[in-house]
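Lettering of chains follows the sequences in order, A, B, ..., and the numbering in each one begins at 1.
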Amino acid sequence: MSDGASMQEQGLAALRALREIGEVEVGLSEKECVFSDNKVQLYRYTPLARSAGLPPLLICYAMVNRPYMLDLQPDRSLIRELLFLGVDVYLIDWGYPDGADRLISLEQYICGYLDRCVNFILRQNSIDALNLLGICQGGTFSLCYAALEPRRIANLITMVSPVDFKTPENLLSKWVRHIDVALLTQSGNVAGELLNLVFLALMPFRLTQQKYVNLLQAQSDRAQLENFMRMEKWIFDSPDQPARAFREFVQWFFQENRLVRGELLLNGRPVLLKNVICPVLNIYAAHDHLVPPSASVPLGAHIGSKCYEALQVDVGHIGMYVSGKARKLVPPAIVNWLRTRQDAL
Amino acid sequence: MLKPQAGWQASMLLKAWDDYVTACQGVMQRIQDPNANPGAAMSLPFFGAWQEFAQALGMRADVLAVDGLKPEDVMAQFMPALGHTREYQTTLQRMLELGSQFQRRYAEFMQHGADIGQRALQAMQKRSAADSSLSSSPAAAYEAWIDCAEQTYAQAAHGEPFARALGELCNLLSAFKVERGKLLEAFARHLDLPSRAEVDSLHRQVHELTAALHEVTSRARQPGPKRRKARKPAGK
């Protein structure tokens, strides 16, 4: 059979198989909502192994995507791997903000919702400090929080988190420079669909064409197609962004780069990275098109902590959550690092 | 006539505009031609008066007779907003102006896309010439095309002109939405529906109350100073 005819046959088989796949399920690990505040929910995951004896780990994910990416399916779940290693995992779900949340400020998200989640965990476990894992935008939030409340964070892990927003490789940063974000948010929340388009526009040919051509060529296996559909569901499940918090995030971080310049104020207090004094593990992806390594790597030079480690993983932004390579490397690296810190006390 | 640059939506709009202008010019010619329009002698004095009035206001009264008419020229010809609907007229004029600007910028932005496509094709031609295996494998050729397209796109997307064009488009749309919101706000008031301003005001109050509640709850949780026991009143 010719190459073209073979491709056509494979494509038809994949399309037939795709038609048979119904709604895919995500976020299957057992968890309980232990605290809620407006649309924000704090989940605690059911342990899957004997406790490693570490302080609870709070995961602070980004607001621009849904956190179930960290528990996409049983064999592609960062959270599940952490649970198997005996970590007590909590997760903040920011929910789907709507028109009623358009006036909520970034300060309220970081010094309000995040702070109340931290306080709840500290009270529930009768401890003074917890471990914090901030991912992507959630990593930036976590850095701000750790700078403001250093005594409540025992160890901080940042994963694919931007710190310096104005590096030459940062395409998003270049694009938002010319956008009047105050005008954009004047008519309300920023639609998740708009964010989806922006993310697709970063690599349009790969993300809107090649991905689907590859799917039709290479996969007609049901399990693989379901994996693809779970990812597809997550990619386009972007919540609307609350107008005020979004405006402040874009202006203060992307346009003015206040975090590394030491010019950020939250709750009337300066957010200074030199006040991050807890041990920090910075995990970043070598081929990240959303948060290029150059945006994450500078963290070590700005924080006050004397205990700083960086871990580069040879994957892209999404691969950090779901790739086999990251799955084998990242959860053990996190737990071993936390154990070492615990032993050092 | 306007020449559409790129983008079928922009082209369609500009084509529709051209057709409209041509039709208007035809009507004006017929009005001014006594052979074609026996009533033209009656129309002309009115048209002359209009020209004088328009010129006195600094407007171009002959705008419809000008070839190569642009939408923004016509926007400038509108009568100044007057009367009891002045606010609505202003908003509508602004929306028309923004819509017109958006179409022009969109056409320019599509030109960026067309240039990227052309450069990607040139890169693909070079690669095909250097690698003969591409001609025998559609899959390999497709991969090569995606590589060329993505590299060419990235080069342009990181450039200042692309970012500026994207920003201008976004800002024009945002401004349009703000104007549209003003109209919707007014309509909601007239229909006795809750308007955005009213809902925002309520949300603000709820947020303030919630913040106050959090403050009180937080204070109540903090261990306060031990209270002294009340003294027994003397003599009892």
Side-chain angles (χ1 to χ4, degrees), chain A residues 2-8 10 37-38 98-105 107-108 111-113 115-116 119 123 168-188 190 194 197-198 201-211 213-214 217-218 243-244 289, chain B residues 113 116-117 120 136-143 145-154 156-182 184-185 196 199-208 210-211 213-215 217-218 221:
Chain A
S2 73
D3 196 3
S6 157
M7 281 168 69
Q8 200 174 6
Q10 278 178 323
D37 190 351
N38 191 7
D98 60 25
D101 305 309
R102 62 194 276 167
L103 301 171
I104 300 179
S105 64
E107 184 175 285
Q108 283 169 290
C111 306
Y113 295 116
D115 183 56
R116 288 191 285 278
N119 285 339
R123 277 200 312 275
E169 297 80 14
N170 198 329
L171 187 52
L172 274 180
S173 166
K174 285 179 182 171
W175 283 357
V176 300
R177 224 167 278 173
H178 297 285
I179 288 176
D180 184 343
V181 71
L183 188 64
L184 175 70
T185 52
Q186 201 174 324
S187 10
V190 176
L194 177 66
L197 285 177
V198 171
L202 292 172
M203 287 200 297
F205 295 93
R206 289 201 197 290
L207 300 178
T208 65
Q209 296 176 22
Q210 190 190 32
K211 187 175 85 167
V213 172
N214 287 351
Q217 277 180 29
R244 183 172 169 188
H289 72 290
Chain B
I116 290 168
S136 57
S137 165
Y142 181 71
E143 292 291 318
W145 158 246
I146 292 290
D147 282 349
C148 291
E150 210 61 82
Q151 280 167 18
T152 313
Y153 175 79
H158 276 274
E160 180 71 7
F162 187 95
R164 194 174 290 280
L166 198 64
E168 281 173 353
L169 273 183
C170 179
N171 295 342
L172 283 168
L173 265 185
S174 302
F176 186 88
K177 278 182 76 180
V178 169
E179 297 301 323
R180 186 192 60 182
K182 287 180 192 167
L184 292 176
E185 182 79 16
R196 174 41 70 188
V199 175
D200 279 354
S201 166
L202 287 171
H203 286 154
R204 203 166 279 121
Q205 287 177 38
V206 171
H207 287 307
E208 283 167 8
T210 312
L213 181 66
H214 283 310
E215 181 69 28
T217 315
S218 166
R221 282 213 178 98

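For chain B, the nearby part of A:V213 is the side chain; its heavy atoms alone come within less than 4.5 Å. In this structure, no portion of A:N119 lies under 4.5 Å from any heavy atom of chain B. Looking at A:L194, neither its backbone nor its side chain comes within 4.5 Å of chain B, counting heavy atoms on both sides. The parts of A:P204 that come within reach of chain B are both its backbone and its side chain, each placing non-hydrogen atoms under 4.5 angstrom from that chain. With a threshold of 4.5 angstrom between heavy atoms, B:R204 approaches chain A through its backbone and through its side chain.
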Subject >> Residue pair A:K174, B:E160: steps toward the side-chain contact (heavy atoms from CB on, under 4.5 Å) verdict >> reply: CA-CA 8 Å; A:K174 285 179 182 171; B:E160 180 71 7; over 6 Å; no
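At least one donor-acceptor pair closer than 3.5 Å links the side chain of A:W175 to the backbone N or O of B:A157. Looking at A:Q186, its side chain never comes within 3.5 Å of a backbone N or O of B:V178 through a donor-acceptor pair. Remark: the backbone N or O of A:D180 is paired with a side-chain donor or acceptor of B:N171 at under 3.5 angstrom. Side chain of B:Y153 to backbone of A:A201: a donor-acceptor contact under 3.5 angstrom is found. With hydrogens and angles disregarded, no donor-acceptor distance shorter than 3.5 Å links the side chain of A:Q210 to the backbone of B:E143. For B:H214 (side chain) and A:R116 (main-chain N/O), no donor-acceptor pair under 3.5 Å exists by modelled atom type.
Residues passing the ring pair (Phe, Tyr, Trp, His ring centres under 6.0 Å) test with A:Y113 are A:Y109, sequence neighbours excluded.
Contact check for B:I146 versus A:Q209: side-chain heavy atoms found under the 4.5 Å cut-off. Using a 4.5 Å heavy-atom cutoff, the side chains of A:R177 and B:R164 are not in contact.
For A:Q108 and B:H207, the side-chain atoms include no donor-acceptor pair closer than 3.5 Å.
Contact detail for B:K177 and A:S187: the closest heavy-atom pair is CB-OG, 3.5 Å.
Rounded to the nearest 0.5 angstrom, B:H158 NE2 and A:N170 CG are separated by 8.5 Å. In this structure, CG in A:L184 is found 9.5 Å from CG in B:L173, a value given to the nearest 0.5 Å. Atom CG of residue A:L183 and atom CZ of residue B:F176 lie 13.0 Å apart, to the nearest 0.5 angstrom.
Contact count against chain A (heavy-atom pairs under 4.5 Å) is highest for B:A175 among B:A175, B:S218, B:G181, B:A211.
Applying the salt bridge (charged side-chain N to carboxylate O under 4.0 Å, His left out) rule to pairs touching residues 165-175 of chain B yields B:R105-B:E168, sequence neighbours excluded.
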